[in-house]
Peer 1: 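Attaching a single structure in structure tokens format; questions to follow.
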Amino acid sequence: MAASLRLGRQGILISLRLVKFKKDPWAPHLCRGQLRHFFQSPSFFGVAPLKVQMPALSPTMEEGNIVKWLKKEGETVAAGDALCEIETDKAVVTMESNDDGVLAKILMEEGSRNVRLGTLIALMVEEGQDWKQVEIPPPEAAPPAPTPPAAAPTPVAPATAVAPPPPPRPNGQLRLSPAARHILDTHGLDPQLATATGPRGLITKEDALNLLNKKGPGKPAAVVETPAPAPAPAVAPSTPSATAPVSGRPAYPPVSTPGKPGAPGTFTEIPATNVRRVIAQRLTQSKTTIPHAYASVDCDMGAVIQLRKQLAKEEIKVSVNDFIIKAAAVTLKELPEVNVTWSGEGPKPLDSIDISVAVATDKGLITPIIKDAANKGVKEISASAKVLAQKAREGKLLPEEYQGGSFSISNLGMFGISGFSAVINPPQACILAVGVSRAELRLSPDAQEGAGPSLSTQHLMTVTLSSDGRLVDDELASRFLDKFRANLEQPQRMLLT
């Protein structure tokens, strides 16, 4: 519309130039001033908008979903005000405005999915301007598809050239495969017109399809004086062809209708969320680019269980996982060469010890971070872990609460898993997989002199360290697990580090 208005303005200006005014020295200036004011008015051209584009709210974000608009069209917006809620690849993040003005037009409604970065989602105007007259920019045209290079012209054989005769059939017999016979009989084609390319003069299915393609639909079969061209490659079974014979089997399995019982051969297609897509990309990147090494050790949790009982009497509730986080952080402080990440060129030492804890949500796995865990007590770690886990399940984590981290812990003990191997979260160097604590009878040396070993009940927990072989070799991984086990079996050691 703006282009039409500009063209109309040019036409009016040209017509006014052809009109002869009187010799009044002030008339041209007054007329020009009024015309200039008229054509430059916002009501004629439209108000220039302030563009609001889809931002990158996380380092791995490529697209987002519009969950909810927090401002309506016509409302005043100040810099820093919340505009809308956007679902990223990690959580639902509130997008804030960078400018002062009025929200004039919402281009991406609530529920819009897979909106690419940089896409125009809304328009704003400056304060004092008529937001209803905002000029909506035209949609960006998709880049034209690259034109394939022109094929070289096929040389035309001279008219006097004689085509080579078809290969003779042995003993003059006509041999057809079952598929070729069915195609030829269905379409009423003469088998003598097909060029046999099979062994010993056999007419194959491809030969019958080539003859059918040459005949074309709706045309009667005719005798072809020149031999048929070289046979085309076989048609893939999964590719539907207009010339393929009609059969009772569908080319693709039909999609079932949600809420209704599916018929045999149907399936239900469930679109992947942004979180699931990013998890798939990160896991694939980790397993294909990081050389994983694994080492396991059993830890006696008797001292931790006894300490938890004593703290519970003082109404201090902490979990076993809180002690595991503290023990891992203290061990990283003792072995700073494990507290590194891979930067693409080599190891990058980290200044702080930030533990990423895996939390399962309805949308997928996410790893909120407990900052500076080595300098925090178990009670403080427990409070931080509970708050972060709740925010992760509600999708309200801030970007700084899940981005980064130097070491990850994944605990499946509450699900009864005895032991497993976790996948490293790049660019971190290690992840610790924690299993369930179990009671076992084991031999223990007797404290009395002269007495033999005796049986005692131990609460054992298996932990498996997945390490990046480029950063943590087997010897360093063994030393880490040995110190980690000592910190868990003797919790007082963690107070001395």
Side-chain angles (χ1 to χ4, degrees), residues 293-335 338 353 355 357-358 360 370 373-374 376-382 385-386 407-422 430-467 472 474-497:
Y294 307 98
S296 300
V297 69
D298 288 337
C299 303
D300 188 357
M301 302 298 294
V304 171
I305 295 175
Q306 185 67 25
L307 182 56
R308 285 187 65 216
K309 292 180 180 178
Q310 296 177 2
L311 294 176
K313 295 179 181 178
E314 301 177 7
E315 297 183 354
I316 300 176
K317 297 182 179 180
V318 292
S319 65
V320 174
N321 198 54
D322 301 328
F323 284 94
I324 295 173
I325 296 172
K326 177 64 177 179
V330 170
T331 308
L332 288 174
K333 192 172 184 179
E334 295 176 333
L335 295 175
V338 183
I353 299 175
I355 305 298
V357 182
I370 299 178
K376 292 181 178 179
V378 178
K379 184 178 180 181
E380 189 177 0
I381 290 176
S382 176
K386 291 177 181 177
F407 189 91
S408 294
I409 296 178
S410 180
N411 192 343
L412 294 181
M414 66 283 296
F415 299 105
I417 303 300
S418 58
F420 68 103
S421 300
C430 300
I431 183 172
L432 191 68
V434 182
V436 67
S437 176
R438 62 193 185 278
E440 290 188 3
L441 285 176
R442 289 199 172 188
L443 290 174
S444 61
D446 199 320
Q448 299 178 0
E449 296 182 359
S454 61
L455 290 175
S456 62
T457 302
Q458 294 183 346
H459 295 274
L460 300 179
M461 180 185 69
T462 301
V463 296
T464 301
L465 181 70
S466 302
S467 57
V472 180
D474 295 339
E475 187 271 339
L476 182 57
S478 301
R479 285 196 290 133
F480 178 88
L481 288 177
D482 184 60
K483 288 184 176 294
F484 174 81
R485 176 175 56 186
N487 289 327
L488 269 185
E489 294 180 351
Q490 303 173 23
Q492 65 273 14
R493 290 185 77 255
M494 295 187 288
L495 301 177
L496 303 176
T497 304

Peer 1: Would you call Asp298 and Arg442 a salt bridge, taking side-chain N to carboxylate O under 4.0 Å as the test?
Peer 2: yes
Peer 1: Taking the side chain as every heavy atom from C-beta outward, state whether Arg308 and Leu311 have any pair of such atoms under 4.5 Å apart.
Peer 2: no
Peer 1: Of all the heavy-atom pairs spanning Leu465 and Ala477, show the shortest one and how long it is.
Peer 2: CD2-CB, 3.9 Å
Peer 1: Between Ile353 and Ala329, what is the shortest heavy-atom contact and its length?
Peer 2: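 Looks like CD1-O, 3.6 Å.
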Peer 1: Is there a donor-acceptor contact under 3.5 Å from the side chain of Ser466 to the main chain of Ala422?
Peer 2: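 Here the side-chain-to-backbone pair exists.
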Peer 1: Could you tell me whether the side chain of Asn487 and the main chain of Lys483 form a donor-acceptor pair under 3.5 Å?
Peer 2: yes
Peer 1: Heavy atoms, side chains only, cut-off 4.5 Å: are Val436 and Ile417 in contact?
Peer 2: no
Peer 1: Applying side chain to side chain contact (heavy atoms under 4.5 Å, CB included), run through Val297 and Phe484 and close with a yes or a no.
Peer 2: CA-CA 10 Å; Val297 69; Phe484 174 81; 5.5 Å; no
Peer 1: For a quick test of reading the model, state the closest non-hydrogen atom pair linking Glu489 to Asp300 and the distance between them.
Peer 2: OE2-N, 2.9 Å
Peer 1: Minimum heavy-atom separation for Ile325 and Ile409, please, with both atom names.
Peer 2: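 Nearest pair, atom of Ile325 first, then Ile409: CA-CD1, 3.9 Å.
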Peer 1: So do Leu443 and Leu455 actually touch side chain to side chain, heavy atoms under 4.5 Å?
Peer 2: yes
Peer 1: Which pair of non-hydrogen atoms, one from Thr464 and one from Ser296, has the smallest distance, and what is that distance?
Peer 2: OG1-OG, 2.8 Å
Peer 1: Would you indicate whether the side-chain heavy atoms of Val320 and Ser437 approach each other to under 4.5 Å?
Peer 2: no
Peer 1: Please determine whether side chain to side chain contact (heavy atoms under 4.5 Å, CB included) holds for the pair Ile355 and Ile381, giving the CA-CA distance in whole Å, both sets of side-chain angles, and the decisive distance to 0.1 Å.
Peer 2: CA-CA 10 Å; Ile355 305 298; Ile381 290 176; over 6 Å; no
Peer 1: CG/Leu307 to CD1/Ile305 distance, rounded to the nearest 0.5 angstrom?
Peer 2: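 Leu307 atom CG to Ile305 atom CD1 measures 11.0 Å (nearest 0.5 Å).
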Peer 1: Can you tell if the side chain of Pro491 reaches within under 4.5 Å of the side chain of Met494, non-hydrogen atoms only?
Peer 2: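 Yes, side chains in contact.
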Peer 1: Using a strict threshold of under 4.0 Å (side-chain N to carboxylate O), is an ion pair present between Lys386 and Asp322?
Peer 2: no
Peer 1: At what distance, to the nearest 0.5 angstrom, does NZ of Lys309 lie from CD of Glu314?
Peer 2: 15.5 Å
Peer 1: Output the distance between atom SG (Cys299) and atom CD1 (Ile324), rounded to the nearest 0.5 Å.
Peer 2: 8.5 Å
Peer 1: Indicate yes or no for a side-chain donor-acceptor contact from Thr331 to the backbone of Ala327 under 3.5 Å, with no hydrogens or angles considered.
Peer 2: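 Confirmed, Thr331 side chain pairs with Ala327 backbone.
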Peer 1: I want to know whether Phe480 and Phe407 have ring centres closer than 6.0 Å.
Peer 2: yes
Peer 1: So do the side chains of Val463 and Arg485 get within less than 4.5 Å of each other, counting heavy atoms only?
Peer 2: no
Peer 1: Could you tell me whether the side chain of Asn321 reaches within less than 4.5 Å of the side chain of Val357, counting heavy atoms only?
Peer 2: yes
Peer 1: So does Lys376 get a backbone contact from the side chain of Lys326, meaning a donor-acceptor N/O pair under 3.5 Å?
Peer 2: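 Between the backbone of Lys376 and the side chain of Lys326 there is a qualifying donor-acceptor contact (under 3.5 Å).
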Peer 1: Please test Thr462 against Arg438 for side chain to side chain contact (heavy atoms under 4.5 Å, CB included), starting from the C-alpha separation and ending with a verdict.
Peer 2: CA-CA 9 Å; Thr462 301; Arg438 62 193 185 278; 3.1 Å; yes
Peer 1: With distance as the sole test, does Lys317 use its side chain to make a donor-acceptor pair with the main-chain N or O of Ala312 at under 3.5 Å?
Peer 2: no
Peer 1: Take Phe323 and Val378, measure what side chain to side chain contact (heavy atoms under 4.5 Å, CB included) needs, and give me the verdict at the end.
Peer 2: CA-CA 6 Å; Phe323 284 94; Val378 178; 4.2 Å; yes
